[in-house]
Amino acid sequence: MPEVSKMKKPDVKLVLLGDMNVGKTSLLHRYTERKFKDTVSTVGGAFFLKQWGPYNISIWDTAGREQFHGLGSMYCRGAAAVILTYDVSNWQSLAELEERFLSLTDTANHDCIYALVGNKADLTDPRAQLSQDSDEASKDRMDCGEERTETQVLSACPTPPASPVSLSGITPGKQVTPEDAMALYGRILRYKGLEEKSSLPAEKMCFETSAKTGYNVDNLFEALFDLVLPSILRNKNENQHSPTVDLEECRGAKRGRPGCC
Amino acid sequence: MSVKAFELVPAVERDLLMGDKARINIECIECCGKHLYMGTNDCFIHHFLLDEVTSSKGKLTYSAQKLLHKYLGLKKPVAELRAASALERLIVLCDGIVFLVDMVTLETVPSAAGGGAKIRGVTAFCVNENPVNGDPFCVEMGVISSKKRTVQIYMVYEDRVQLVKEVTTPEQPCAVSVDGYFLCLALATQYMILNYNTGASQDLFPYNSEDRRPIVKRIGREEFLLAAPGGLGMFANAEGVSQRAPVNWSESVIGAAVSFPYVVALDESFITIHSMLDQQLKQTLSFRDGHILQDFEGKVILASTKAVYVLVPLPLERQIQDLLASHRVEEALILTEGAQQNIPKDKFQILHKRILQQAGFIQFGQLQFLEAKEHFRKGQLDVRELISLYPLLLPASSSFTRCHPPLHEFADLNHLAQGDQEKVLRCKKFLISYLGEVRSTEVANGCREDVDTALLKLYAEQDHDSLLDLLASDNACLLADSVPWLEKYHKYFALGLLYHYNSQDSAALQLWIRVVDGDLQDSTRSGLYEYIVDFLCSCSNPDLVWKHADWALAKDPTIGVHIFTKRPVSKDVTELNPEEAITYLGKHSQALLLFLEHLVLERKIKKEKFHTHLAVLYLERVLSLLSEAPADEERLNRARERLQALLRESNLYRAQFLLGKMENCEQLLLERATLHGKLEENDKALHILVHKLKDFSSAEAFCVWASSCRDSAYQHQLFHLLLEVYLDRSLPGKSQAAAAGGGELEMAAVDLLNRHGEVFDAVRVLRMLPEGWSLQLLRPFLGRAVRASMHAGRTAQIAVGLAQSENLQLLHDRLKDRKKPIFVSEKKGCHLCHNTFSEPDVVCLPGGAPVHTHCVAQRVRDSPTKRQLTNSSNHT
Ligand SMILES: Nc1nc2c(ncn2[C@@H]2O[C@H](COP(=O)(O)OP(=O)(O)OP(=O)(O)O)[C@@H](O)[C@H]2O)c(=O)[nH]1
Ligand SMILES: [Mg+2]
């Protein structure tokens, strides 16, 4: 854990959004700590600073609980990428994205990119039950392998997530197909008023992952890091040009003065 | 898990404030330096002087002294108090009115002539701690008015207040905080940031002001702390962005403040303390009836309705040590690093290093070696701290003492492991790898002896392969300390290496010899004997060599002699005098032989003495083998071959001397023949070969050998001699054996002629041959002789022809040239040497070009045709 880097100013922001229990925290854990561990439902939000080459990327893990819904727009403010997360075994979690979460992203950057991520793919897709990378030893490599204890669950049938209050888990809803996700992606673009042609294609921006086995997790984050690189560079540039003085504000101040009583 | 970050210290007790008047409650407080002001529900302001007292035990207490109290005359509670110390004014909110009070007298400041000193209809106000106006005698203030949905900005002067700006808000605001131009507002249903200068606003997040009291607390430059739904403390900056993760405090927080790196919050019954670094709850203090929590210039003050307390932060180092004491390494480090901004740089570095080292030791104690190592490295740990944990590893002479206060709680490794040998072993393995890594880095600077000696001891104890590598390379192991240790673990070979490294070769050798002799046990090195021989071989001290060579030779002369024969030729190894060596080796006959062979055969030293000595030794060996009763043929043959080879090949030994030694030995005829040959007594040699040995092929070989470096005439002569010996009838005893032996010799003669015809003069041979020999017998010889003679004749004829034609040609030229004059002058050059002519005698080349006489003579001498002619004429 780069404790020191908590002091550093991030160059760009990524936000994980999605209903409670879809596995946002687990995804972030898997990526940053290379393991799948017990989580508690996130309170408020948390963030992690990822050193990516010379850049600091902050990844915000938000709380999916309804109670914290209001904080979402604030977390999304200035985001360069939003990861809209759902649970592939739970249709409702996809629907929630459109109904509840999409509007929170209004505060994100105008060129924010959106990824649709179906987590818990291990429950529906045999491929995701196996960890992608067999290379366990090399911990430095980004695509690091699966923990031994977890691969043993292979033959076990998918068990519903052991969550304390699993509203969506009560009726394990219909599964979500990749096509459903891609269709939603199209609707997101429309909502944002973006041309499908000039935007990133759905195939590229829809992922299925498993935080449990590590399936596709590194891919997801690294693909996004690559895509937000232009944002990073622009942020860096802006910071260089106006480190402290905001010209807009100065001019505004002068204009404002005569308005005094 | 908790940590003790703060202590709650009473500041103003109930008695001091209200005595026995039970209905009086504290409504608001303000603290400015030592001055504490308090507003009460009965419309009084109380002024105290608050002194910090540190007891002898280091415990902090407060003593409060009441200075003054003043009734404001409004019969309403004093809602808010703010000091403007530069103006010596208190800004007071009471009964919806903001007005100014003198800080010292607590008298209400009357309105100045130019403007009022009162603002009416106020529900809340805040002071801008990051003012935009540069005037130091002016305080900026944000005010929420009860009627309109507006926020007003006022400038507060010593005796008046002035409205500078009014902004409307979408809903009625109920709490405000300001930083620069940014107002952070709690509206009825949401929080927002509003730039009162540009009017730009930014929604933060919704909440419900009816459910709970909002909190908007400026915590730093353009950063605010807000109470969010779900019991969260949310951070937001002026851009409406959260840069820190929220802390999870309780649903009913009344007040909050930041005392870096902690967020302190107060609810009805508890003070909760969260770290901003990791969002974790660090401490909970129970606090009943609390209703104010505010920070003043970094000091966090709380008040219940009746009394005032100060929340005193414990020194950071103490907190960190507490964390470490409960083995919470990560948190301790986060706290340390989080405090970086608040501590001077050099002090921070010292602290940080120490914490890293302590963290390392904690992890070391938990056998988390990877992490421990990383922390030791980052903390630049003096490795000796670690070494000193292991009993007896540090050399006795080391000046090291553990740092104080100690970096860890362990007396030593045994204490750490509590008798668990498995643990001890793992720790030792770790130290081995750690020391191995650091010994060549700057970490070991200044304590290389300690590090290397410790490593040596561990290697020896753990039977580690690298012991020898350590000793064989550059090292700083202390001899005095290492000797007993290596002896204890029977690492005698290694000890020898260490002696050697310390230039005590003699000690090394003595030790190793004892191992080879079995006095000491150490199987480290198989082939230690050979190692010693090698060692002596390249040993630069001749005395040592002489001293130990005897032992080596006695053990195995053939290998021992390598000391003498395999000495590398280089500057560092002094050359041993061969004569001395020979004398020395006198008693080791086998080694002596090998050494002489080395000198004569390998190094090819051309010294009569060595050659004769070697030949004599060979001879003695042969003689002794001969004298054995059943002669071992094979060994004998080998010995003789060697002798013969030396006799044949060397020209340096004293042949006469050797001959004398085997004069009477009839078994060594071949050797004797060779010696005769060396003495050029070829007839004697051949006589022996032919008549005594009857070994014709050897005789022939003798001729070839004896004439090999001589001219052909000598060779001819030798072969003729052999032929004569074959054909000699005068030999006594020959006649008797004429039938059998005579025929044998003759056959040898025939074979010789047929085989080596070319070296014989056929005419002379024919004269010598007995009349009765058949032509058929000599056919190959004769055939070859005739052909050779014919060939010579014809070649001669060709030469004659060529010479004649040349002559003719010259004649022709001469005739041609005679017809015209040949001009020779001093200006004309010779065609051959290009010098001018100085005398009239010239020679004309074919074609008429005049040349010097001496030039042409020279040319004729060099000409290949001429040489050929000379040869061929010889043949004729
Ligand atoms: N089978 C399976 N279970 C998962 C996976 N990811 C998460 N879970 C489980 O799903 C539950 C919820 O995971 P979290 O990561 O806490 O979910 P969250 O999205 O952070 O939830 P909130 O913080 O409440 O918004 C936990 O019980 C996890 O063990 C996955 O890839 N496969
Ligand atoms: Mg979560």
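Below, read A as the first sequence line, B as the second, and so on, with proteins coming before strands; counting in each chain starts at 1. The structure displayed is predicted, hence computed values, not measured ones.
Atom NZ of B/Lys118 sits in a sparse spot, with 12 or fewer heavy atoms from other residues, nucleotides or ligands closer than 6.0 Å. Counting non-hydrogen atoms of other residues, nucleotides and ligands closer than 6.0 Å to CD of B/Glu239 gives a total of 12 or fewer. Counting heavy-atom neighbours within 6.0 Å of A/Asp226 CG, excluding the residue itself, gives a total above 12.
For B/Leu204, the parts lying under 4.5 angstrom from a heavy atom of chain A are both the backbone and the side chain. Within the 4.5 angstrom heavy-atom criterion, no atom of B/Glu166 approaches chain A. Neither the backbone nor the side chain of B/Ala200 comes within less than 4.5 Å of any heavy atom of chain A.
Atom CG in B/Asn248 sits 11.0 Å away from atom OG1 in A/Thr42 (nearest 0.5 Å). Atom OG of B/Ser242 sits about 8.5 Å away from atom CZ of A/Phe47, to the nearest 0.5 Å.
Close approach to chain B, defined as a heavy atom under 4.5 Å from one of its heavy atoms, is seen in A/Gly70, A/Leu71, A/Met74, A/Tyr75, A/Arg77 of residues 69-78 of chain A, taken by number.
Between B/Pro246 and A/Gly45, the closest heavy-atom pair is CD-O, 3.3 Å.
With contacts defined as side-chain heavy-atom distances shorter than 4.5 Å, the pair B/Val241/A/Lys13 qualifies.
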